[in-house]
Amino acid sequence: MATSQEKATLSPTASGNPISSKTSAAAMATVIHPVLDPLSDSPPSATTKTTAATPVMARAQTCHPLDPLMAAEIAVAVSTVRAAGKTPEVRDSMRFIEVVLVEPDKNVVALADAYFFPPFQPSLLPKTKGRPVIPTKLPPRQARLVVYNKRSNETSIWTVELNEVHAATRGGHHRGKVISSKVVPDVQPPMDAEEYAECEAVVKDFPPFREAMRKRGIVDMDLVMVDPWCVGYHSNADAPSRRLAKPLIFCRTESDCPVENGYARPVEGIHVLVDMQNMVVIEFEDRKLVPLPPADPLRNYTAGETRGGVDRSDVKPLQIIQPEGPSFRVNGHFVNWQKWNFRIGFTPREGLVIYSVAYLDGSRGRRPVAHRLSFVEMVVPYGDPNDPHYRKNAFDAGEDGLGKNAHSLKKGCDCLGYIKYFDAHFTNFTGGVETIENCVCLHEEDHGILWKHQDWRTGLAEVRRSRRLTDGKIEAEVKLTGVLSLGALQPGEVRKYGTMIAPGLYAPVHQHFFVARMDMAVDCKPGEAFNQVVEMNVKVEDPGKDNVHNNAFYPEEELLRTELQAMRDCNPLSARHWIIRNTRTVNRTGQLTGYKLLPGSNCLPLAGSEAKFLRRAAFLKHNLWVTAYSRDEMYPGGEFPNQNPRSGEGLATWVKQNRPIEETDIVLWYVFGVTHIPRLEDWPVMPVERIGFMLMPHGFFNCSPAVDVPPSTGDCELKDAVIATKPIQNSLIPKL
């Protein structure tokens, strides 16, 4: 149930203090000219009469320009595009891959944040002579649709203006307007779950496939699992003129056990190629008869089934409680936490998006840190050269969609404590609107000791605890877990490209790579572009008069001036890191303010330079890229990596412009990964392995606010920013 803290709609002032709704309304009336609702079908009534104290907003202002599309907006966009189809055949063949918000220009976001929505910060806008011209409304929201025509095998991109989304209150009346549409040649859009299900049915009903399974002792097709994989691009045979999938086959042992881990029995030696446009098998070959691995007694992972059916019974419950509620406040998608505020977004491709990260710094006002943060790609290349494993190099965002594959946390929450949930809406393949309830969770967690010091003279000790806001912290942590993608072995066979984890069963070596896109704005107000990136390396001082004890070392910085110069790799031997600085703002010591990108553990692709997957994933060749901002440059492998025949499309091509990145609106692309050599302990489900990086203040604060906190159990921080908060209590509850 929602609490009073969750429902609060208090708006921060310039100093970050809450103001009453009455004060807020009066303040808004002084800066916004009242307007009548231009979308109304009837003249204003007494209830819509405008007054100085109660301005009437157009419906265009009911959603912030960065709020994710509502379910009604998605429905309007789909119906508008479908109605624009020239013939019934065209309309019936439309399949909707993605419907997302067209994110407006940054100046529109600045206007919204200044006058229409929290944080209500007119001081962010550039100074003008005389009275500022205040807009009465914001531009209408727009949706961008990726549409696949199943009849013609064409992909098109549409832009729809959302004039009216209140269809339920207007008798089903839709008022979307097509702004633009274009066919994108020589591409294939991401696959959809509906296609996967249809492909599985087609393969299982294919007579030669049924015969091949009969040779392996399987006649019950309910035991068979067909997992379609995108073919990638290895030769002209994979060209996007056809929509193709090469499924992997698995087989359960019991048809009446839906929770059985069927991935414990991979079916090897069967080659299947499916035309996903027409849903027909176009290639089939039973190349090699590999016996099915025997049923592994440790294969299952559900309660009562793990490790031979023995569950732990000696672990007492651990309960996280916050008796005074959370320390954050949520207003729609706007989050206030301590002196931080930001907006939460969501897309079918990226999943969680964090917008407008800023810090309220007393008299200095609202200090921006980043405009937009998200993960834009995930690539998983496998290291086994044998068929079919060499083709496993999934682009989980670009070929499938990280957001579309998110789970509802109603089915088992990953979080503890007081939790605020956000739903996510997206279109399915046929244009219907689906909702993932409780898709994103927001909560605080105790993070151990922030700092501690004991004076040996006095014996007194000071300690502060750290608290972080999960999903809101400027710390990217990826937790890798799940079921391994396995292969089957011939009796007596051993492969050096993986680990045998059970008789006849092995897990190939592979890597996981993630790409974080960070549109930075450190201390930059809207319209300002005063950021630069410097690389820091620690150097050992040469022996001599300046290093007579041979112990000296020092940090040395190098300014990255152009995009080609900014193609960089991690180097733990020199403690390499990068700092995003504002060239016009200094702290109390006279140093430029900034934020430091601190790498965690990392790696590069363990593949030859001619590896086929690197044609589409050239962005993996470096850990850091820096580009000048361009609104069309969103995805490092280009928008359509599925079956992409163009080598190096995306980030590796953009940087060839070698644009200047000094005192520029810049975007950082950080590529981080892990090499996974499976262990027996990773079976049947791999325990969580953590990788990531941190964005942390570097001269951003005049002093560390963490020091200025009274020593109470409520002390906490978000990367060096601390104000009074409410306590979290960890309680061990006896099991009754």
Side-chain angles (χ1 to χ4, degrees), residues 68-101 142-160 162 165 167-168 172-176 178 181-184 187-205 226-228 230 240 242-245 247 274-280 346-349 351 397-408 423-437 439 639-640 642-643:
L69 291 179
M70 300 183 297
E73 290 177 306
I74 295 174
V76 168
V78 168
S79 64
T80 301
V81 169
R82 183 174 277 135
K86 294 181 179 180
T87 65
E89 290 77 18
V90 170
R91 294 191 288 271
D92 291 343
S93 62
M94 284 182 172
R95 298 295 181 267
F96 295 86
I97 304 297
E98 182 181 272
V99 182
V100 296
L101 174 75
Q142 295 182 347
R144 185 178 189 270
L145 299 88
V146 177
V147 180
Y148 174 68
N149 189 300
K150 193 170 176 63
R151 179 182 295 269
S152 65
N153 194 36
E154 288 181 333
T155 300
S156 57
I157 297 176
W158 300 67
T159 302
V160 172
L162 302 169
V165 299
H173 180 60
H174 300 295
R175 286 177 57 186
V178 174
S181 66
K182 65 177 180 179
V183 173
V184 185
V187 300
Q188 283 294 337
M191 294 288 186
D192 186 84
E194 184 175 313
E195 291 180 287
Y196 291 156
E198 191 174 352
C199 177
E200 179 176 55
V202 166
V203 171
K204 289 166 70 169
D205 199 43
V226 179
D227 281 13
C230 296
R242 300 182 297 174
R243 188 165 174 81
L244 303 174
V274 179
D275 178 342
M276 299 292 280
Q277 177 192 359
N278 301 300
M279 279 301 165
V280 294
F346 192 90
T347 74
R349 182 166 183 158
E399 291 180 341
D400 214 15
L402 298 177
K404 291 183 72 171
N405 284 279
H407 301 154
S408 170
D423 296 342
H425 310 288
F426 59 92
T427 180
N428 59 27
F429 202 42
T430 55
V433 181
E434 296 188 359
T435 298
I436 304 177
E437 295 183 329
C439 184
E639 182 164 12
F640 300 105
N642 185 18
Q643 296 179 238

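Side-chain contact check for T430 versus E194: some heavy-atom pair is nearer than 4.5 Å. Considering only heavy atoms from C-beta on, N149 stays 4.5 Å or farther from V183 through its side chain. Residues K204 and V226 meet the side-chain proximity criterion, which asks for heavy atoms closer than 4.5 Å. For the pair P247 and C199, the minimum side-chain heavy-atom distance is below 4.5 Å. Put simply, the side chain of I97 reaches to within 4.5 Å of the side chain of F429, judged on heavy atoms.
In this structure, CD on E154 lies 10.0 Å from OH on Y148, to the nearest 0.5 angstrom. Note that CZ of R95 is 10.0 Å distant from CG of D192, once rounded to the nearest 0.5 Å. The line from CG of L145 to OG1 of T159 is 8.0 Å long, rounded to the nearest 0.5 Å. Atom NE2 of residue H425 and atom SG of residue C439 lie 10.0 Å apart, to the nearest 0.5 angstrom. Going from atom OG1 of T155 over to atom CZ of F640 covers 6.0 Å, rounded to the nearest 0.5 Å. Distance OG1/T347 to CG/L101: 10.0 Å, rounded to 0.5 Å.
Side-chain atoms of E399 do not come within 3.5 Å of backbone N or O of Q643 as any donor-acceptor pair. Between the side chain of E434 and the backbone N or O of F426, no donor-acceptor pair lies under 3.5 Å. The backbone N or O of A201 sits nowhere less than 3.5 Å from a side-chain atom of D205 that would complete a donor-acceptor pair. Of the possible polar contacts, none joining the T427 side chain to the V433 backbone as a donor-acceptor pair under 3.5 Å is found. At least one donor-acceptor pair under 3.5 Å links the side chain of N642 to the backbone N or O of P189. Between the side chain of K182 and the backbone N or O of I157 there is no donor-acceptor pair closer than 3.5 Å. Side-chain atoms of E198 never come within 3.5 Å of backbone atoms of E195 as a donor-acceptor pair (strictly under, hydrogens ignored). A donor-acceptor pair under 3.5 Å is formed between the side chain of D275 and the backbone N or O of Q277. The backbone N or O of M70 lies less than 3.5 Å from a partner atom in the side chain of E73, making a donor-acceptor pair.
The pair E98-K404 does not count as a salt bridge, with every side-chain nitrogen at least 4.0 angstrom from each carboxylate oxygen. Note on D400 versus R349: no salt bridge recorded, every NZ/NE/NH1/NH2 to OD/OE distance being 4.0 Å or above.
Between V78 and G431, the shortest heavy-atom distance links the atoms CG1-O, 3.6 Å. Across all non-hydrogen atoms, the minimal contact from I436 to G403 is CD1-O, 3.9 Å. Here the closest heavy-atom approach between residue G85 and residue V90 is recorded as CA-CG1, 4.2 Å. When all heavy atoms are compared, the tightest approach of V99 to A77 is CG1-CB, 4.0 Å. Pairing each heavy atom of M191 with each of C230, the nearest pair is CG-SG, 3.4 Å. Of all heavy-atom pairs spanning V160 and G176, the tightest one is CG1-CA, 4.2 Å.
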(message) For a side-chain hydrogen bond (donor to acceptor under 3.5 Å, both in side chains) check, start with the C-alpha distance between D423 and T435, then their side-chain angles and the critical distance, and finish with the verdict.
(response) CA-CA 7 Å; D423 296 342; T435 298; over 6 Å; no

(message) Determine whether V203 and V274 satisfy the following criterion, side chain to side chain contact (heavy atoms under 4.5 Å, CB included), listing intermediate values before the conclusion.
(response) CA-CA 8 Å; V203 171; V274 179; 3.8 Å; yes

(request) For side chain to side chain contact (heavy atoms under 4.5 Å, CB included), just list the numbers for V178 and T80, CA-CA rounded to whole Å, side-chain angles, deciding distance to a tenth of an Å, and then say yes or no. (result) CA-CA 7 Å; V178 174; T80 301; 3.7 Å; yes

(message) L244 vs M276, test: side chain to side chain contact (heavy atoms under 4.5 Å, CB included). Steps then yes/no.
(response) CA-CA 6 Å; L244 303 174; M276 299 292 280; 5.8 Å; no

(message) I'd like to know whether M94 forms a side chain to side chain contact (heavy atoms under 4.5 Å, CB included) with V81, so could you lay out the CA-CA distance, the side-chain angles of the two residues, the decisive distance to 0.1 Å, and finally the verdict.
(response) CA-CA 9 Å; M94 284 182 172; V81 169; 4.1 Å; yes

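Residues passing the salt bridge (Lys or Arg N to Asp or Glu O under 4.0 Å) test with R144 are E639, sequence neighbours excluded.
Other residues, nucleotides and ligands contribute at most 12 non-hydrogen atoms within 6.0 Å of the CZ atom of R151.
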